[in-house]
Student: 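This structure is in structure tokens; I'll ask about it shortly.
Below, read A as the first sequence line, B as the second, and so on, with proteins coming before strands; counting in each chain starts at 1. Not measured: the values here are computed from a predicted model.
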Amino acid sequence: MGLKLHRAHPWDLAPAQAMALQGRLRTWVRLVDELPAEVRRVAGVDVGFEERGAVTRAAIAILSFPELRLVESAVARLPTAFPYIPGLLSFREVPAILAALEKICQPPDLVLVDGQGYAHPRRLGIACHLGVLTELPTIGVGKTRLIGTHPPVPDQRGAWVPLWDHGEEVGAVLRTRPGTKPLFVSAGHRISLPSAVAWVLRCSAGFRLPETTRQAHRLASG
DNA sequence: GCGACAG
DNA sequence: ATCTTGTCGC
């Protein structure tokens, strides 16, 4: 009670159909800043698996901002209904994420998603997909690269370089902590890339991954 | 045809 | 993602 789905579509699709749907959903993505004037609740979503992959387990952790203290959380378990195919990750994980979001009392002002946003072959990574369906501002935070090339990232917290794909700046490779691998940040929905980078840094506190992601991962896995 | 390939 | 112990380094 609290989440309003602004768009719905079938999930039982074949890979080719899913790819076609991504082409239609991408037209609804807005990469401009539309965050509330006061951001007080930032969320992290992550997915894990049980029963050797037969069950998908999604978790959402909502933290207060700027304190970054856990204020609400939810977990949802659904039968896994789509295989892992690079480029189609959202069709495997979003159904469970929506189920977890529906259990939340008060929707967050911003959501950090595990995986890419705009930095996707068809510009519709899981963060964009989730954002378009819920109309929540979202950011894609990937631990590894899906597409694109980039120059070396200076080994200092806050340093970042653009991620390029076919002559387009699709994301940023950000160092949240020196001596560790950088993160792949890209806009999901209702936010710009510069803002996305700034928010990932604001949601981080001494570790490579943002606190939102760490909390969500703790709930989705172990 | 040969690699690359979010989680 | 998941299957899994110890081990190298700050």
Student: What orientation do Phe91(A) and Phe82(A) show, parallel under 30°, tilted 30 to 60°, or perpendicular over 60°?
Tutor: tilted

Student: Measure the distance from CD1 on Ile147(A) to C1' on dG3(B) and round it to the nearest whole Å.
Tutor: 17 Å

Student: What is the distance, to the nearest angstrom, from the CG atom on Leu209(A) to the P atom on dA6(B)?
Tutor: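 After rounding, the gap between these two atoms is 16 Å.
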
Student: Rounded to the nearest angstrom, tell me the gap between atom OH in Tyr84(A) and atom P in dA4(B).
Tutor: 14 Å

Student: Are the ring of Phe184(A) and the six-membered base ring of dA6(B) within the stacking cut-offs of under 5.5 Å and under 30°?
Tutor: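 Not stacked by the 5.5 Å and 30° rule.
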
Student: Go through dA4(B), dT2(C), dG7(B) for me and flag the one nearest to the Glu93(A) side chain.
Tutor: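 Out of dA4(B), dT2(C), dG7(B), the nucleotide with an atom closest to Glu93(A)'s side chain is dG7(B).
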
Student: Any side-chain N or O of Lys143(A) less than 4.0 Å from the OP1 or OP2 oxygen of dG7(B)?
Tutor: yes

Student: Could you state the NE2-P distance from His217(A) to dT2(C), rounded to the nearest angstrom?
Tutor: 6 Å

Student: Between Ser221(A) and dT2(C), is there a contact of a side-chain N or O with OP1 or OP2 at under 4.0 Å?
Tutor: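 Answer yes for this pair, as a side-chain N or O of Ser221(A) is under 4.0 Å from OP1 or OP2.
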
Student: Rounding to a whole Å, what distance do you find between Asp165(A):CG and dA4(B):C1'?
Tutor: 13 Å

Student: Quick one: Phe49(A) CZ to dT2(C) C1', roughly how many Å, whole number?
Tutor: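 Between C1' of dT2(C) and CZ of Phe49(A): 9 Å.
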
Student: Say whether His189(A) and Glu135(A), considering side chains only, have a donor N or O and an acceptor N or O under 3.5 Å apart.
Tutor: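 The criterion, which ignores hydrogens and geometry beyond distance, is satisfied for Glu135(A) and His189(A).
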
